[in-house]
Amino acid sequence: MDADPRPPAPQPQTGTPTPRGRRPVAAALMLGMALAALDSTIISTAVPQIVGDLGGFSVFSWLFSGYLLAVTVSLPLYGKLSDTFGRKPVLLAGIVVFLIGSLLCAGAWNMGTLIASRIVQGLGGGALQGTIQVIAADLYPLKERPKIQARLSSVWALSSVAGPAIGGVLAGYADWRWIFLINLPVGALALVLIARHLHEPRRHRDGRPRIDWAGALGVFLSGGLLLTALVQGGVAWSWLSAPSLALLGSTAVCAAATVWIERRAAEPIIPGWVWRRRTISAVNLAFGALGLLMIAPTVFLPTYAQSVLGLGPIPAGFVLSTMTLSWPIAAALSSRVYNRVGFRRCAITGMTAATLILAAFPLLPYPGAAWQPALIMLLLGGALGLFQLPLIIGVQSSVPWAERGTATASILFCRQVGQSVGAALFGAVANATLASRLADAPDAIRPGLPDDLDSVSRALEHPGALSDRAADYLRRGVDTAVDNVYLGAATAALLALLALVFLAPRRFPVHAEGETEAGAEAGAGDESGTGTGTESGPVAGDETEARAGARAEGGAKAGTKAQAEGGAKARTETGTGTDAGTGTDGRADTAPLTTPETGGAGSGQRPRP
């Protein structure tokens, strides 16, 4: 018998705040997201002042790389910790570490201490990026989740764009140390709001939780060695040099050891089900490709705008910012799309459009007008808004509370690794293209020509030493190099599209709405919807509906009931009883239900996104 198509009456949910109670927490989440986004870009325009004060020009790139490395390698650990101990303590600890790192950065006395302080700051930033996304999913039901995620995307986009401008103003009119000091009041306010207004129900556990410290160390070492090899390869040393080969070989050894450790750990940092479940593994691969393709606009478009179009830094930033304007708008509207066609088809639509848009960039005329790449970026932001947010929400909705942090961290980790790989790969593509062009330069203009992308960009900023013919030849070389990078980004977009088409399940399993920490079913079930009392079923032709646990004719009952659905499974529920389930990795877990109305699987509701 099919359930009543009318939406069920709302049920009280333990630990879920009212809309009014969510506002301070949402404000704190947006403040935390602003901190993480600002500090990834704010120092870019202050580097001359920092180097002039502290020295260390040869290693200043680690101000960015160290922060990125720390954020990336800490994401899986924070995801697991938030699933084990709750989101609130992990986020509070992350904010405190971030603020300590900011204070250390402001007091740095040389470049070495500043880089070390940035790494500390990045360790806090990993908790901010991962845990904020998970808390947003915990607080908001599926219908409302796009709103908060769109707000967080908007904050990230605006902060990323505003970061270089704020950094330049502070470095030019005050002191570069204020770049880090302004984090203190903002972070303190977020800390107070989270501490006072985020209330998680107490988590009941059998026995003392165990942390896989060996696995955490393995993830840190593997990720750190890989990112170091990617960041420094082709810059500090050649790709085939002894340092590069040693780092890549060490990465392979550490990765193999980490896999061996994780397969034997009782509570692994990166559980095997992250890759065994088609939903999560396909999205991980797609997000890795997303990180790859994002390098083209964020790294190479400003160079194109200034070197080829002749724009200043501010107009060049505006060309890029059009993408950050359309991205959150499309993300906010994506729920109207995936409610009709499903998470997977919505993401496929967005990435198909992104592939075509990226492939269209090389068709722009030379030298062209500024509005042309700006329009390309506007369309690309809209396409990626339709791609990213539905997949994040889809993955978060496909797992119970106890696995949401780990699942979210895995996709963010893959995106970060993709960005690092993309920076190295597309940097090599751009420099190889320019090297080929410069090798073929006419003899009349060859003397004095620079030999890599950075040198070419600096030469075109001050073209007085170049003849008009030489300057035009260099501009055409940059145009060709960036065109090739965008073709590579289109290839990455195609890979993301193929991952969704051939690897992602047609229907994402969606757990019952209203799951809280106390009412979450343990284990996520398999892709066909069997497992922990959830049953995935199509809505509007796809994956956006789940039947919640047992369906009892005549409505949900809080007393004792037995069910046999999806394979002879009996369950007894009493006020404060327990629910047992088995995930795809074959293990059985339990999570207590504090009240019969908690809204866990077994409430008899049929949630719709």
Side-chain angles (χ1 to χ4, degrees), residues 133 136-137 142-143 145-150 152-153 156-157 274-275 277-294 297 323 326-359 379-399 404 407-408 410-416 418-419 489-511 527 536 538-546 608-609:
Q133 297 274 8
L142 197 54
K143 280 186 178 180
R145 211 167 289 161
K147 297 179 182 178
I148 183 62
Q149 292 287 2
L152 293 176
S153 297
W156 181 274
V274 167
W275 294 105
R277 297 179 192 168
R278 290 177 56 200
T279 300
I280 304 176
S281 60
V283 173
N284 282 343
L285 294 174
F287 264 63
L290 173 66
L292 271 172
L293 71 89
M294 283 302 300
M323 180 178 69
S326 58
W327 190 319
I329 294 174
L333 298 176
S334 64
S335 62
R336 300 188 179 184
V337 180
Y338 71 66
N339 276 335
R340 292 179 176 273
V341 302
F343 295 123
R344 175 176 172 271
R345 291 179 183 173
C346 179
I348 286 175
T349 300
M351 190 50 70
T352 300
T355 304
L356 297 175
I357 292 166
L358 289 166
L379 297 174
L380 181 63
L384 296 180
L386 291 177
F387 167 80
Q388 177 175 278
L389 186 57
L391 292 183
I392 291 178
I393 294 177
V395 167
Q396 290 176 336
S397 303
S398 73
V399 296
R404 191 174 287 160
T408 303
S410 72
I411 60 178
L412 297 179
F413 175 77
C414 289
R415 187 182 65 184
Q416 293 287 103
Q419 288 178 343
T491 303
L494 182 60
L495 293 176
L497 187 60
L498 293 176
L500 293 178
V501 171
F502 294 105
L503 299 180
R506 293 183 60 189
R507 296 175 176 83
F508 281 25
V510 181
H511 268 257
E527 302 304 338
S536 62
V539 170
D542 210 353
E543 65 266 44
T544 54
E545 177 186 3
R608 294 175 181 270

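When side chains are defined from C-beta on, F343 does not count as touching I392, because their heavy atoms never get closer than 4.5 Å. Residues R404 and V395 have side chains not in contact (no heavy-atom distance under 4.5 Å, counting atoms from C-beta outward). At least one side-chain heavy atom of N284 sits less than 4.5 Å from a side-chain heavy atom of V274. Counting heavy atoms from C-beta outward, S281 and L503 have side chains that stay 4.5 Å or more apart. Using a 4.5 Å heavy-atom cutoff, the side chains of V399 and I280 are in contact.
In this structure, A286 and A499 approach most closely via the heavy-atom pair N-CB, 4.4 Å. Closest approach of A490 and A359 over heavy atoms only: CB-N, 3.8 Å. Between L386 and A330, the shortest heavy-atom contact is CD2-O, 4.0 Å. Minimum interatomic distance between P390 and C346 (heavy atoms only, all atoms of both residues): CG-SG, 3.6 Å.
One side chain, R145 or S397, offers a donor N or O that lies under 3.5 Å from an acceptor on the other. Looking only at atom types and distance, the side chain of Q388 has a donor-acceptor partner in the side chain of R415 under 3.5 Å away.
Between the side chain of R344 and the main chain of L500, a donor-acceptor pair closer than 3.5 Å is present. Side-chain atoms of Q133 do not come within 3.5 Å of backbone N or O of Q149 as any donor-acceptor pair.
For S334, there are no side chain to side chain donor-acceptor pair (under 3.5 Å) partners two or more places apart in sequence or in a different chain. In this structure, the side-chain contact (heavy atoms from CB on, under 4.5 Å) partners of T352, at least two apart in sequence or on a different chain, are I348, L497.
With values rounded to the nearest 0.5 angstrom, L380 atom CG is found 7.5 Å from S326 atom OG. Summarising the geometry, atom CD1 belonging to I411 is positioned 12.0 Å from atom CG belonging to L285; distances are rounded to the nearest 0.5 Å. To the nearest 0.5 Å, the span separating CG on L358 from CG on L379 amounts to 11.0 Å. For the atom pair F508 CZ and Q396 CD, the distance stands at 12.0 Å (nearest 0.5 Å). To the nearest 0.5 Å, atom OG1 of residue T355 and atom CZ of residue F387 are 9.5 Å apart. Note that CG of L391 is 8.0 Å distant from CE of M351, once rounded to the nearest 0.5 Å.
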Please list every donor-acceptor pair under 3.5 Å in which a side-chain atom of residues 287-294 meets a protein atom from a residue at least two apart or in another chain.
none

